2 protein chains.
Amino acid sequence: MKMHNPPHPGEVLKELCIEPLNLTVTEAAEALGISRKTLSAILNGRAGISPEMAIRLGKAFDTSPESWLNQQMQYDLWQAEQAVGNIEVKRLSVA
Amino acid sequence: MKMHNPPHPGEVLKELCIEPLNLTVTEAAEALGISRKTLSAILNGRAGISPEMAIRLGKAFDTSPESWLNQQMQYDLWQAEQAVGNIEVKRLSVA
DNA sequence: TAACCAGTAACGTTATGGGTTACAATCTGT
DNA sequence: ACAGATTGTAACCCATAACGTTACTGGTTA
């Protein structure tokens with residue numbers, strides 16, 4: 001039932017992009033055109049990947065913005081499912 | 001180059017879910033457990049699909065929350081790409 | 001020791017989701 | 001034509017979140 005909680009995209013960013021290239025947070029932030037604080041927040045899971053940030057990451061690391069936003073979506077969805085236990089919604093489908 | 005602007009998920013929701021079932025906005029909002037105003041905003045493209053809303057839509061219409069969030073992601077990404085013309089980002093990839 | 005690096009707290013700005021209430025316009029059925 | 005339902009939307013409130021600057025603190029290293 002795919003019950004594994006998805007990693008925060010910031011972790012992936014750190015482990016797959018920043019660390020392999022031996023980049024400091026300061027350097028990376030500068031290259032991305034954002035503040036050191038903002039990147040730090042992302043890397044430490046205290047901020048999500050915004051659409052604009054996904055574009056920046058895509059350009060910097062030559063990846064697709066969608067891949068970043070997809071990870072973020074999986075993460076957010078998981079969080080939301082945990083947060084709201086069972087919402088009361090009437091079924092409206094034909095089934 | 002896939003230069004078509006993605007439809008707002010609200011349009012899709014209206015055309016594929018609300019209208020086919022002959023639901024009024026008021027009824028649908030009530031069934032979803034949200035305010036009429038909130039649903040109206042979504043249907044008219046003035047609000048996006050939040051993760052929690054995607055869960056509600058998934059339960060109500062027996063669809064996957066991911067499908068709604070995916071549409072929202074495509075829409076947001078396209079908007080962001082239009083908004084920020086060309087952001088200045090240094091390339092950090094190995095290539 | 002001095003320089004750099006990272007996390008983070010404090011503060012402000014802007015944007016967005018969501019709720020309630022209320023009003024005006026439009027259907028719709030009797 | 002009149003009454004009720006339906007809808008968009010404005011006004012106002014609240015909470016959250018992204019982003020920035022400044023500044024402090026602790027750790028690492030040349």
Side-chain angles (χ1 to χ4, degrees), chain A residues 8-11 13-15 17-19 21-60 65 68-69 71-73 75-84 87-89 92, chain B residues 8-11 13-15 17-19 21-60 65 68-69 71-73 75-84 87-89 92:
Chain A
H8 188 284
E11 289 181 39
L13 177 59
K14 181 192 289 182
E15 294 168 11
C17 300
I18 308 292
E19 290 178 349
L21 293 176
N22 277 319
L23 291 170
T24 68
V25 175
T26 308
E27 283 172 340
E30 190 175 291
L32 287 165
I34 61 178
S35 76
R36 180 171 67 85
K37 171 195 164 152
T38 298
L39 180 56
S40 176
I42 293 174
L43 294 178
N44 290 286
R46 278 175 298 97
I49 308 285
S50 66
E52 187 192 315
M53 195 62 65
I55 294 174
R56 291 182 189 273
L57 293 176
K59 290 192 176 183
W68 295 107
L69 288 183
Q71 292 179 56
Q72 186 63 49
M73 183 188 75
Y75 182 82
D76 288 342
L77 186 52
W78 166 269
Q79 296 297 323
E81 274 167 350
Q82 305 303 309
V84 292
I87 352 182
E88 38 343 296
V89 172
L92 295 175
Chain B
H8 188 283
E11 289 181 38
L13 176 59
K14 181 192 289 182
E15 294 169 11
C17 299
I18 307 292
E19 290 178 347
L21 292 175
N22 277 319
L23 292 169
T24 67
V25 175
T26 308
E27 283 172 339
E30 189 175 291
L32 287 166
I34 62 178
S35 77
R36 180 172 67 84
K37 171 198 161 144
T38 299
L39 181 55
S40 176
I42 292 174
L43 294 178
N44 291 286
R46 278 175 299 98
I49 308 285
S50 66
E52 186 191 314
M53 195 61 66
I55 294 175
R56 290 182 189 274
L57 293 176
K59 290 192 176 184
W68 295 106
L69 287 183
Q71 291 180 55
Q72 186 62 49
M73 182 188 77
Y75 181 82
D76 288 343
L77 186 53
W78 197 85
Q79 295 297 321
E81 274 166 352
Q82 304 305 308
V84 293
I87 353 183
E88 37 344 297
V89 172
L92 295 175

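A note on names: the letters A, B, ... follow the listed sequences, proteins ahead of strands, and every chain is numbered from 1. No experiment lies behind these values; they were computed from the predicted model shown.
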Colleague: So, the side chain of B/H8 versus the backbone of B/L43: is there a donor-acceptor pair under 3.5 Å, distance only?
Modeller: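 No, the answer is negative, given that no donor and acceptor are paired below the 3.5 Å cut-off.
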Colleague: Within the 4.5 Å heavy-atom criterion, are A/M73 and A/L69 side-chain neighbours or not?
Modeller: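 No; the side chains remain at least 4.5 Å from each other.
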Colleague: Would a 4.5 Å heavy-atom cut-off, applied to side chains only, mark A/Q79 and A/Q82 as touching?
Modeller: no
Colleague: Side chains of B/S40 and B/R46, heavy atoms from C-beta outward: is any pair under 4.5 Å?
Modeller: yes
Colleague: What is the first contacted nucleotide of DNA chain D and what is the last, in 5' to 3' order, if contact means an atom lying under 4.0 angstrom from a heavy atom of chain A?
Modeller: D/dA18 to D/dA23
Colleague: Go through the steps to decide whether A/L13 and A/L39 satisfy the test side-chain contact (heavy atoms from CB on, under 4.5 Å), and finish with yes or no.
Modeller: CA-CA 10 Å; A/L13 177 59; A/L39 180 56; 4.1 Å; yes
Colleague: Find out whether A/E88 and B/R56 are in side-chain contact, i.e. whether some heavy atom of one side chain is under 4.5 Å from a heavy atom of the other.
Modeller: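 Sidechains of B/R56 and A/E88: in contact.
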Colleague: Counting primed atoms plus P, OP1 and OP2 as sugar-phosphate and everything else as base, spell out the protein contacts along nucleotides 14-30 of chain C at 4.0 Å heavy-atom distance: B, S or - for each nucleotide, 5' to 3'.
Modeller: ---SSBB-B--------
Colleague: For the side-chain contact (heavy atoms from CB on, under 4.5 Å) test, which of A/I49, A/L32, A/V25 pairs with A/I42?
Modeller: A/I49
Colleague: To the nearest 10°, let me know how far the axis at one end of the helix from C/dT1-D/dA30 to C/dT30-D/dA1 is tilted from the axis at the other, five pairs an end.
Modeller: 30°
Colleague: Could you pull out the closest heavy-atom pair between B/L92 and A/A28, with the gap in Å?
Modeller: CD1-CA, 4.5 Å
Colleague: Which pair of non-hydrogen atoms, one from A/E27 and one from A/L23, has the smallest distance, and what is that distance?
Modeller: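 That closest heavy-atom pairing would be OE1-CA, 3.5 Å.
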Colleague: Can you tell me if A/T26 touches the phosphate of C/dC4, counting only side-chain N or O atoms and a distance under 4.0 Å to OP1 or OP2?
Modeller: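 The answer is no; no side-chain N or O of A/T26 sits under 4.0 Å from OP1 or OP2.
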Colleague: Would you check if B/L77 and A/I55 make a side-chain contact, meaning some heavy-atom pair closer than 4.5 Å?
Modeller: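 Contact flag for B/L77/A/I55 side chains = yes.
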